[in-house]
Q: 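If you scroll down you'll find the structure; I have some questions about it.
First the proteins, then the strands, lettered A, B, ... as listed; each starts at 1. Given the structure is predicted, the values throughout are model-derived calculations rather than measurements.
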Amino acid sequence: MSLQVFNTLSGKKETFAPLNEGEARIYVCGVTVYDSSHIGHARSLLTFDVAYRYLMFLGYRVDFVRNFTDVDDKIIQRARDERSTAEQIAGRYIEEFHGDSRALGLLPPTHEPKATEHIAEIVALIRRLEEKGAAYRVDGDVYFSVASFPGYGKLSRKNIDELEAGARVEVDERKKAPMDFALWKSSKPGEPAWDSPWGKGRPGWHIECSAMSTKYLGQPFDIHGGGRDLIFPHHENEIAQSEAAYDLPLARVWMHNGFLNINHEKMSKSLGNILSVRDILARHEPAALRHYMLSSHYRSPMDFSEQGLDEAEKAIERIIETIARFDEAAPEKATVPADPALLDDFRKEMDDDFNTPRALALIFDEVRALNRLMDEGRAAELAPRVAALKQSAATVGLLQEAPAAFLARKKERWLKAKKNISRKEIEEWIERRNQARVKKDWREADRIRAELFAKGIVLEDSSGGTIWKVR
RNA sequence: GGCGGCGUACCCAAGUGGUUAAGGGAGAGGUCUGCAAAACCUCGAUGCAGCGGUUCGAAUCCGCUCGCCGCCUCCA
């Protein structure tokens, strides 16, 4: 069995067969940098981060491109509001994005192109469309003529005539047809502008992706990804531009992640329910967020809740504690070849359109089995299984730090937030309790434990001594 | 108006024609423990929004009904 991927274009799962043997080329629409990234972005980013990692796990050499839209109306508007420049706004949010990206544990793309750095390619592409009669000029603007491209609507399964009939948006009278869209926009004074055959202006939104994907990946390439909402009009337009220009398919597989809502509502500025990646990661472990996202299938709609994140945090700690337990019990067995049976099972699940919920279920089955065997004192023989568990988890991007480091960091974070108690104090309490325990003064011992519990600390007594955890 | 999605246990969520309907969280009982905690074991849907139908067999296919939502306009 090999990797099956759901292709929006065909509406079916298809066997993934890259154009070049052993090489996967993937382009994902990144963000428009005019504001902080929110958890909806995080879902999309994590979806394709997992795809990226899994393709590498399968042995592909992966060329992964994710762009920045760093010139557009919203950026210009924001710059105006802040009496700043579009360049500064974009620069600020690109930097912030990189911070979020690191915090989320995203693998860096092989290329991260910016629209503003590819104006020459964009202009050349528009020229080509003009030459082929697919584009027309109106004053300093250039539009794509949808009527010139017979395949228009094939991705979103839309019928142009119906679209026109249902259009409720005011139509620019200068366009030949309502669905025609801008390839190049002439600039007003004070707006970012580049020289072009049509005068000073800037690229339209869709054309940058056509230009950049083709530059870095060729045409066609293997997978084009993004959020569901990009299917129309963005990806439909990309297809129209690229295919009209080169008479070749743009991408063979189109992957789209489902939307994320909050309390059954779409995130939006007007509802004021936008949760930023920063805010979430200030309160939750990145691994918890990732686990939460991966616990539902990437194409399903998902409803975000803090409760779900809390539950995910407990779940992820179960995996981490189990591995930490093994690492402690058999540290000398840390590096051995992974047990192929578990990896095969993992591959089977992931091969089915990146079925991360099932892959996670497998991981938890294994966690339980390993704990049972460790309870029986058989840690030493478990090294290959733990290695497989680690590799599986790592392939979906979990377990990016050593379990012991994760647990230590979590404690540090908790201590920092909790100003009224220090590590030293906790250790003193535990020492006093241990003295009481030696004297079999259970009342005093339990009193201390209860007091620490009230502060959010759980004690665990074992043959090796007493340890404390945050709960 | 057009197109599409969703409704599975207390909560989250896989499964889309065929053994006992995954997994996580919460809960109950048990093992271990001075007692706990952790870990482990056991138990939780005779049923998958409702009603009909197709089939030897359906959560899975078809029809209708109810409820929720998305896209068609910037949007991950």
Side-chain angles (χ1 to χ4, degrees), chain A residues 11 28-32 34-35 37-48 66 69 72-74 77 153 156-159 161-170 179 205 225-234 236 256-261 264-269 291-292 294-297 299-305 307-319 321-322 325 349 352 355-365 367-376 437 440-443 445-446 449-450 453 457-463 466-469 471:
Chain A
V28 178
C29 289
V31 295
T32 301
Y34 73 104
D35 207 345
S37 302
H38 55 64
I39 52 173
H41 295 124
R43 184 178 195 196
S44 184
L45 293 166
L46 288 167
T47 293
F48 292 103
R66 186 182 55 223
T69 297
D72 116 312
D73 294 349
K74 289 191 294 291
Q77 185 57 47
S156 54
R157 294 186 173 68
K158 290 186 188 305
N159 178 314
D161 303 331
E162 285 169 5
L163 283 175
E164 289 181 29
R168 290 170 300 192
V169 199
E170 58 180 296
M179 293 314 296
W205 174 34
R228 270 200 89 79
D229 53 324
L230 295 182
I231 294 173
F232 190 89
H234 185 54
E236 195 70 71
H256 293 98
N257 63 276
F259 241 67
L260 183 145
N261 294 329
H264 309 289
E265 285 175 320
K266 183 171 169 167
M267 270 193 290
S268 74
K269 293 240 152 122
H291 176 95
Y292 182 50
L294 299 187
S295 67
S296 54
H297 187 86
R299 281 192 285 120
S300 306
M302 109 178 257
D303 195 47
F304 182 88
S305 74
Q307 185 196 332
L309 255 185
D310 288 337
E311 289 176 2
E313 191 140 355
K314 287 177 191 153
I316 192 72
E317 276 173 28
R318 211 162 110 70
I319 301 172
E321 298 255 18
T322 300
R325 185 182 172 193
E349 304 297 7
D352 183 14
N355 195 330
T356 53
R358 287 198 82 95
L360 289 176
L362 205 64
I363 284 172
F364 282 104
D365 284 340
V367 161
R368 189 180 317 103
L370 292 172
N371 272 315
R372 185 170 53 234
L373 292 166
M374 283 193 277
D375 280 353
E376 293 170 10
R437 292 179 73 215
K440 294 203 190 311
D441 182 355
W442 307 126
R443 268 188 65 167
D446 291 351
R449 186 172 60 199
F453 186 81
I457 292 166
V458 180
L459 299 185
E460 292 184 13
D461 298 324
S462 74
S463 55
T466 300
I467 60 165
W468 64 275
K469 287 180 180 170
R471 191 36 67 180

Q: Give a yes/no answer on whether the side chain of A:Arg228 brings an N or O atom under 4.0 Å of OP1 or OP2 in B:G5.
A: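 False: A:Arg228 side-chain N/O out of range (4.0 Å or more) of B:G5 OP1/OP2.
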
Q: Determine the Euclidean distance between corresponding C1' atoms of B:G52 and B:A45; express it in Å to zero decimal places.
A: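 Approximately 23 Å lies between the C1' atom of B:A45 and that of B:G52.
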
Q: How long is the span from the NZ atom in A:Lys74 to the CD atom in A:Gln77, to the nearest 0.5 Å?
A: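 If we round to the nearest 0.5 Å, A:Lys74:NZ and A:Gln77:CD are 11.0 Å apart.
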
Q: Taking only the side-chain heavy atoms of A:Lys158 (C-beta and beyond), determine which of B:C72, B:G24, B:C35 contains the nearest atom.
A: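 Looking only at side-chain atoms, A:Lys158 lies closest to B:C72.
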
Q: What's the closest nucleotide to the A:Asn257 side chain, out of B:G24, B:A39, B:A76?
A: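 Nearest to the side-chain atoms of A:Asn257, counting from C-beta on, is B:A76.
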
Q: At what distance, to the nearest 0.5 angstrom, does OG of A:Ser44 lie from CG of A:Asn257?
A: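 If we round to the nearest 0.5 Å, A:Ser44:OG and A:Asn257:CG are 4.0 Å apart.
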
Q: How close do A:Tyr292 and A:Met302 get, counting heavy atoms only, and between which atoms?
A: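 So the minimum-distance heavy-atom pair works out to O-CE, 3.6 Å.
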
Q: Rounded to whole angstrom units, what separation is found between the CD atom of A:Glu376 and the P atom of B:U31?
A: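 In whole Å, B:U31 P lies 18 Å from A:Glu376 CD.
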
Q: With the side chain of A:Asp375 defined as its heavy atoms from C-beta on, choose the nearest nucleotide among B:A76, B:A38, B:C40.
A: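 Among the listed nucleotides, the one closest to the side chain of A:Asp375 is B:C40.
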
Q: Looking across every strand, which nucleic acid part, if any, lies under 4.0 Å from A:Asn371 by heavy atom: base, sugar-phosphate, or nothing?
A: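 The answer is sugar-phosphate, as A:Asn371 gets under 4.0 Å only of primed atoms, P, OP1 or OP2.
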
Q: Rounding to an integer number of Å, can you tell me how far A:Arg368 CZ sits from B:A22 P?
A: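 From A:Arg368 CZ to B:A22 P: 12 Å.
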
Q: Using a cut-off of strictly less than 4.0 Å, decide whether A:Arg471 has a side-chain nitrogen or oxygen near OP1 or OP2 of B:A38.
A: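 Answer is no, no contact under 4.0 Å.
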
Q: Would you say the side chain of A:Asn261 and the base of B:C69 hold a donor-acceptor pair, judged only by whether the two atoms sit under 3.5 Å apart?
A: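 No, the side chain and the base share no sub-3.5 Å donor-acceptor pair.
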
Q: Going by the rule side chain to side chain donor-acceptor pair (under 3.5 Å), which residues pair with A:Arg43 if we only count those two or more places apart in sequence or in a different chain?
A: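 A:Arg43 satisfies side chain to side chain donor-acceptor pair (under 3.5 Å) with no residue once adjacent residues are dropped.
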
Q: Do A:Glu313 and A:Glu317 come within less than 4.5 Å of each other through their side chains, counting heavy atoms only?
A: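 A:Glu313 vs A:Glu317: side chains touch.
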
Q: For the side chain of A:Arg449, counting heavy atoms from C-beta on, which of B:A36, B:G24, B:A76 is nearest?
A: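 Out of B:A36, B:G24, B:A76, the nucleotide with an atom closest to A:Arg449's side chain is B:A36.
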
Q: Check the surroundings of atom CZ in A:Phe364: do more than 12 heavy atoms from other residues, nucleotides or ligands lie under 6.0 Å from it?
A: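 Enclosed: over 12 neighbouring heavy atoms sit under 6.0 Å from CZ of A:Phe364.
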
Q: Tell me, which stems hold RNA chain B, with a stem being 3 or more Watson-Crick or G-U pairs in a row and both distances under 3.5 Å?
A: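 When the pairs of RNA chain B are grouped into runs of at least three, the stems are B:1-7 with B:66-72, B:10-12 with B:23-25, B:27-31 with B:39-43, B:49-53 with B:61-65.
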
Q: Which nucleotide, B:A76, B:G34, B:C40, lies nearest any side-chain atom of A:Arg372?
A: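 Among B:A76, B:G34, B:C40, the one nearest the side chain of A:Arg372 is B:C40.
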
Q: Heavy atoms under 4.0 Å, any strand shown: does A:Leu230 hit a base, just sugar-phosphate, or nothing?
A: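 Sugar-phosphate only.
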
Q: Suppose you measure atom C1' in B:G53 against the same atom in B:A14; what distance do you get, rounded to whole Å?
A: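 Rounded to whole Å, the distance is 28 Å.
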
Q: Excluding sequence neighbours, so at least two apart, what forms side-chain contact (heavy atoms from CB on, under 4.5 Å) with A:Ile467?
A: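 So A:Ile467 forms a side-chain contact (heavy atoms from CB on, under 4.5 Å) with A:Glu460, A:Lys469.
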
Q: Counting only side-chain heavy atoms from C-beta out, which of B:G34, B:C71, B:A39 sits nearest to A:Phe232?
A: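 Of all the options, the side chain of A:Phe232 is nearest to B:C71.
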
Q: Contact class for A:Leu362 vs. all strands (heavy atom < 4.0 Å): base, sugar-phosphate, or nothing?
A: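 If one applies the 4.0 Å heavy-atom cut-off, A:Leu362 turns out to touch nothing in the nucleic acid.
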
Q: So what does A:Gln307 hit on the nucleic acid, given a heavy-atom distance under 4.0 Å: a base, only sugar-phosphate, or nothing?
A: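 Sugar-phosphate, no base atom in range.
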
Q: Roughly how far apart, to the nearest Å, are B:G17 and B:A28 at atom P?
A: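 That atom pair is separated by 39 Å.
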
Q: How far does the C1' atom of B:G5 sit from the matching atom of B:A9, given to the nearest Å?
A: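 Going atom to atom, C1' in each nucleotide, I get 23 Å.
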
Q: Touch check for A:Arg43, heavy atoms < 4.0 angstrom, all strands: base, sugar-phosphate only, or nothing?
A: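 Since no nucleic acid heavy atom lies under 4.0 Å of A:Arg43, the category is nothing.
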
Q: Both A:Arg325 and A:Arg437 contact RNA chain B. Taking the nearest nucleotide for each, which residue is further toward the 5' end?
A: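 It is A:Arg437 whose nearest nucleotide is closer to the 5' end.
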
Q: Taking syn as any angle within 90 degrees of 0 and anti as the rest, which one fits B:G44?
A: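 Because its glycosidic torsion lies within 90° of 0, B:G44 adopts the syn conformation.
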
Q: How far, in whole Å, is B:C68 from B:U55 if one measures between their C1' atoms?
A: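 That atom pair is separated by 31 Å.
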
Q: Does A:Arg157 place a side-chain N or O at less than 4.0 Å from the phosphate oxygens OP1/OP2 of B:C71?
A: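 The answer is no; no side-chain N or O of A:Arg157 sits under 4.0 Å from OP1 or OP2.
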
Q: Write out a two-atom table: protein N or O, nucleotide N or O from nucleotides 12-16 of chain B, distance below 3.5 Å.
A:
| residue | atom | partner | partner atom | Å |
| --- | --- | --- | --- | --- |
| B:A13 | O2' | A:Ser295 | O | 3.3 |
| B:A14 | OP1 | A:His297 | N | 2.7 |
| B:A14 | OP1 | A:Ser300 | OG | 3.1 |
| B:G15 | OP1 | A:Asn355 | ND2 | 3.2 |

Q: Apply side chain to side chain donor-acceptor pair (under 3.5 Å) to A:His291 and list each qualifying residue two or more places apart in sequence or on a separate chain.
A: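 Expected list: none.
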
Q: Just call it for A:Lys440: base, sugar-phosphate, or nothing, with non-hydrogen atoms closer than 4.0 Å on any strand.
A: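 Since no nucleic acid heavy atom lies under 4.0 Å of A:Lys440, the category is nothing.
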
Q: Checking A:Asn371 now: which residues fulfil side chain to side chain donor-acceptor pair (under 3.5 Å) with it, not counting sequence neighbours?
A: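 Partners of A:Asn371 by the side chain to side chain donor-acceptor pair (under 3.5 Å) criterion, ordered by chain and then number, come out as A:Thr322, A:Arg325.
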
Q: Just to be sure I understand the rule, does A:Asp365 reach a base, reach only the sugar-phosphate, or reach nothing, if contact means heavy atoms closer than 4.0 Å?
A: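 Touches sugar-phosphate only.
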
Q: Working note: A:Arg449 + A:Asp446, criterion salt bridge (charged side-chain N to carboxylate O under 4.0 Å, His left out); need CA distance, chi angles, decisive distance, verdict.
A: CA-CA 5 Å; A:Arg449 186 172 60 199; A:Asp446 291 351; 3.4 Å; yes

Q: Taking the minimum atom-to-atom distance to the side chain of A:Ala315, which one of B:G34, B:G24, B:C41 wins?
A: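 Output: B:G24.
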
Q: When the C1' atoms of B:G27 and B:C10 are considered, how many whole Å apart are they?
A: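 Between the two C1' atoms, the distance is 8 Å.
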
Q: Could you tell me how far apart A:Phe453 (CZ) and B:A37 (C1') are, to the nearest whole angstrom?
A: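 The distance from CZ of A:Phe453 to C1' of B:A37 comes to 9 Å, rounded to the nearest Å.
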
Q: Applying a 4.0 Å non-hydrogen cut-off, can you work out what A:Phe364 is touching in the nucleic acid: base, sugar-phosphate, or nothing?
A: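 Here A:Phe364 touches the backbone only, sparing every base.
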
Q: For atom C1', what is the distance between B:C48 and B:A13, given to the nearest Å?
A: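 So the two C1' atoms sit 13 Å from each other.
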
Q: Is it true that atom CZ of A:Arg299 has more than 12 heavy atoms of other residues, nucleotides or ligands lying nearer than 6.0 Å?
A: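 Yes, the 6.0 Å shell around CZ holds more than 12 heavy atoms from other groups.
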
Q: Take A:Ala312 and A:Arg443, find for each the nucleotide of RNA chain B with the closest heavy atom, and name the residue whose nucleotide sits nearer the 5' end.
A: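 Looking at RNA chain B, the more 5' nearest nucleotide goes with A:Ala312.
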
Q: Side chain of A:Asp446 only, please: which of B:G34, B:A26, B:A76 is the nearest?
A: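 Nearest to the side chain of A:Asp446 among the choices is B:G34.
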
Q: Taking atom C1' of B:C32 as reference, at what distance in whole Å does atom CD of A:Glu460 sit?
A: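 Going from CD in A:Glu460 over to C1' in B:C32 covers 13 Å.
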
Q: What interatomic distance, in whole Å, is found between P of B:G50 and the corresponding atom of B:A59?
A: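 B:A59 and B:G50 have their P atoms separated by 11 Å.
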
Q: Within this structure, what is the CD-to-P distance between A:Glu236 and B:C71, rounded to whole angstrom?
A: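 Answer to the nearest Å: 17 Å.
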
